[in-house]
Undergrad: 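Please see the structure below; I have some questions.
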There are 2 protein chains.
Amino acid sequence: MATGRTHRPATRSRGIPEATVARLPLYLRALTALSERSVPTVSSEELAAAAGVNSAKLRKDFSYLGSYGTRGVGYDVEYLVYQISRELGLTQDWPVVIVGIGNLGAALANYGGFASRGFRVAALIDADPAMAGKPVAGIPVQHADELERIIQDNGVSIGVIATPAGAAQAVCDRLVGAGVTSILNFAPTVLTVPDGVDVRKVDLSIELQILAFHEQRKAGEEAHADGAGPAAARRTGTGSDASADQGPDGDVPAVMPA
Amino acid sequence: MATGRTHRPATRSRGIPEATVARLPLYLRALTALSERSVPTVSSEELAAAAGVNSAKLRKDFSYLGSYGTRGVGYDVEYLVYQISRELGLTQDWPVVIVGIGNLGAALANYGGFASRGFRVAALIDADPAMAGKPVAGIPVQHADELERIIQDNGVSIGVIATPAGAAQAVCDRLVGAGVTSILNFAPTVLTVPDGVDVRKVDLSIELQILAFHEQRKAGEEAHADGAGPAAARRTGTGSDASADQGPDGDVPAVMPA
DNA sequence: CCATCTTTGTGCACGCGTTCACAAAGACAT
DNA sequence: ATGTCTTTGTGAACGCGTGCACAAAGATGG
């Protein structure tokens, strides 16, 4: 529908809030599902439910992209799929390299979600010479010596680090040195990069620890009758007002740092 | 129960900000590294640098836990390791089940970061009968029929979903039905859960899409002088004035999902 | 015991993100 | 054409998180 140019967003032609950007892939996925079912239009309410967010938030998010909806009707699914894809840069082909082909690296190489969204695994790289040539997910693993050449030959700007923590910073430095400007880091380390390079971190163990925190809190609230936790864990009276008369000793439970 | 036996750091009797909780594992990791090097104390400045955050933020985060530092000196590393571990619930043993032993599930089972922080893989579960009994990471895979029994026998409260998207919600429902109250979801789907159940999502493809957005933006900003994009498929106009330009009428370009 | 120096703990201000609530825009029926 | 009804787009209020800047606390040296 060539509703065409109602009027420019004008307010922020350029600065899409980071939080919004992080949700666009979510919307895109929900829209793609609708598209496959040949649903022509969708309301903000329905789409928000499918994406698991608030409808007002969704509308505001879309408002940063422009006025793509039709009042009284909703959003054109196909059109919105295209707009979001373009905004995210998914109409391009993004070659990525995965460095560190262990269990996780191999799983990533096999992960279908990459290829389906315009990301193409250009190369798998590992430091272990024994891995060289071995095919993983149909792609032969190449030795780390080739890293710079591979990146430059393929014009790679996105790198995925799936190495052990100890090797991550060195790999990162080499990636950046060779021209990579976006890094997805699975290694449990803080990476230091120069300005202009984006790093996103995925840390499996941190996610579990956050869950454990909430789980403990939930258990603690109902543990008035049941004194036995899942396992050991003697939980004495905890901090006992650590602000007023806090003495670093005295309220320290038996299990102290050695 | 709200005011029942809740005594905590005084200022925030109960609510540690979510953003702070998400950073505690980061601090813990940095502290553990210091501990292994037998460093006795650390200042907020040093620790913040190691964790990759602002020192004021770190101090404020710690202030929610209580007053554990010594002015003029810093923080006692061992003591802080213990306090954070306890706050996160890592002094307990948390049995977890991993459902869906494909590439990713197997990688998770092998991931060392779990076991090292008090998380114990209690069981691996897969719907494929051919997988049953096959050992992965030294643990025999069990069939999905056993799911409820396994969870109840082991007192599992944390579940990890690494199934295909289509199976995730059904698995989630069964996990919750069997007593799981925290879920780490790797499947690219929005999970619906009852109140009281926490879900955290790790979506590999979303992370890449966010990187692609920034990457495109970076490329677009420099494309004024240098017309060469990263690799193939260089779109004209990029994101600069990408709003109501090209007539969207007619058909939608081929943005194929899959 | 007093002075000085280091580092924590936190009050405060600011900016971002979320949510509400509603006017404007357009479809649709009469 | 006009009125009604649906749904978008957004102004405004609110709450959370971040960072500054500084006073208080304690160590250290004389």
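Each chain gets a letter, A, B and so on, in the order the sequences are listed, and its residues count up from 1.
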Undergrad: Taking CD from Glu18(A) and C1' from dT18(D), how many angstroms apart are they, rounded to a whole number?
TA: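 So the CD-C1' distance, Glu18(A) to dT18(D), works out to 16 Å.
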
Undergrad: Should Lys57(A) be listed as having a side-chain N or O under 4.0 Å from OP1 or OP2 of dT19(C)?
TA: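 Affirmative; the distance criterion is met.
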
Undergrad: Any chance you could measure Leu80(A), atom CG, to Leu47(A), atom CG, to the nearest 0.5 Å?
TA: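 The CG atom of Leu47(A) is 7.0 Å from CG of Leu80(A), to the nearest 0.5 Å.
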
Undergrad: Would you please confirm or rule out a distance under 4.0 Å between OP1 or OP2 of dT7(D) and any side-chain N or O of Ser43(A)?
TA: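 Indeed not, no polar side-chain atom of Ser43(A) lies that close.
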
Undergrad: Both Ala56(A) and Val73(A) contact DNA chain D. Which one's nearest nucleotide lies toward the 5' end?
TA: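 By nearest-heavy-atom nucleotide position, the 5'-most residue is Val73(A).
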
Undergrad: So does Glu46(B) get a backbone contact from the side chain of Ser43(B), meaning a donor-acceptor N/O pair under 3.5 Å?
TA: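 Yes.
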
Undergrad: So among Ile183(B), Leu175(B), Val176(B), which one has a side chain to side chain contact (heavy atoms under 4.5 Å, CB included) with Leu191(B)?
TA: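 Among the candidates, only Ile183(B) passes.
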
Undergrad: Within this structure, what is the CG-to-C1' distance between Leu58(B) and dT10(C), rounded to whole angstrom?
TA: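 Rounded to the whole Å, the gap is 14 Å.
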
Undergrad: Do any side-chain atoms of residues 166-173 of chain B form donor-acceptor pairs under 3.5 angstrom with protein atoms, and if so which ones, sequence neighbours left out?
TA:
{"unit_1": "Gln169(B)", "atom_1": "OE1", "unit_2": "Thr192(B)", "atom_2": "N", "d": "2.9"}
{"unit_1": "Gln169(B)", "atom_1": "NE2", "unit_2": "Asp173(B)", "atom_2": "OD1", "d": "2.8"}
{"unit_1": "Gln169(B)", "atom_1": "NE2", "unit_2": "Thr192(B)", "atom_2": "O", "d": "3.0"}

Undergrad: Can a side-chain donor-acceptor contact be found between Ser44(A) and Arg59(A) if the only test is distance below 3.5 angstrom?
TA: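 Distance-only check passes for Arg59(A) and Ser44(A).
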
Undergrad: Under 4.0 Å between a side-chain N/O of Arg71(B) and OP1 or OP2 of dT10(C), yes or no?
TA: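 Checking dT10(C) against Arg71(B), no side-chain N or O comes under 4.0 Å of OP1 or OP2.
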
Undergrad: Quick one: does Lys201(B)'s side chain have a donor or acceptor within less than 3.5 Å of a partner on Leu184(B)'s backbone?
TA: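 No; judged by distance alone, with no hydrogens or angles, the pair does not exist.
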
Undergrad: Within the structure, does a side-chain N or O atom of Arg23(A) lie under 4.0 Å from either OP1 or OP2 of dT18(C)?
TA: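 Yes, within the criterion.
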
Undergrad: Strictly by modelled atom types, are Tyr82(A) and Glu78(A) linked by a side-chain donor-acceptor pair under 3.5 Å?
TA: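 The answer is no; no qualifying pair exists.
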
Undergrad: So what does Tyr75(A) touch, heavy atoms closer than 4.0 Å: a base, only the sugar-phosphate, or nothing?
TA: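 It contacts sugar-phosphate atoms only.
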
Undergrad: To the nearest Å, how far apart are Asp76(B) CG and dG26(D) C1'?
TA: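 It works out to 16 Å between those atoms.
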
Undergrad: Please state how far atom CG in Leu65(A) lies from atom P in dT8(D), giving the value in whole angstrom units.
TA: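 To the nearest whole Å, that distance equals 15 Å.
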
Undergrad: OP1 or OP2 of dG26(C) versus the side-chain N and O atoms of Thr70(A): is any pair under 4.0 Å?
TA: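 Answer no for this pair, as no side-chain N or O of Thr70(A) is under 4.0 Å from OP1 or OP2.
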
Undergrad: Could you tell me the separation between the NZ atom of Lys60(B) and the C1' atom of dG11(C), rounded to a whole number of Å?
TA: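 The answer, rounded to whole Å, is 7 Å.
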
Undergrad: When the distance from CG of Asn54(B) to C1' of dT18(D) is rounded to whole Å, what number comes out?
TA: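 Result: 8 Å.
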
Undergrad: Separation of Arg59(B) atom CZ from dT6(C) atom P, in whole Å?
TA: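 Spelled out: CZ on Arg59(B) to P on dT6(C) is 15 Å.
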
Undergrad: Separation of Phe62(A) atom CZ from dT7(D) atom P, in whole Å?
TA: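 Between P of dT7(D) and CZ of Phe62(A): 16 Å.
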
Undergrad: Which ones in residues 191-201 of chain B lie close to DNA chain D, meaning a heavy atom under 4.0 Å from one of its atoms?
TA: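 By residue number: none to list.
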
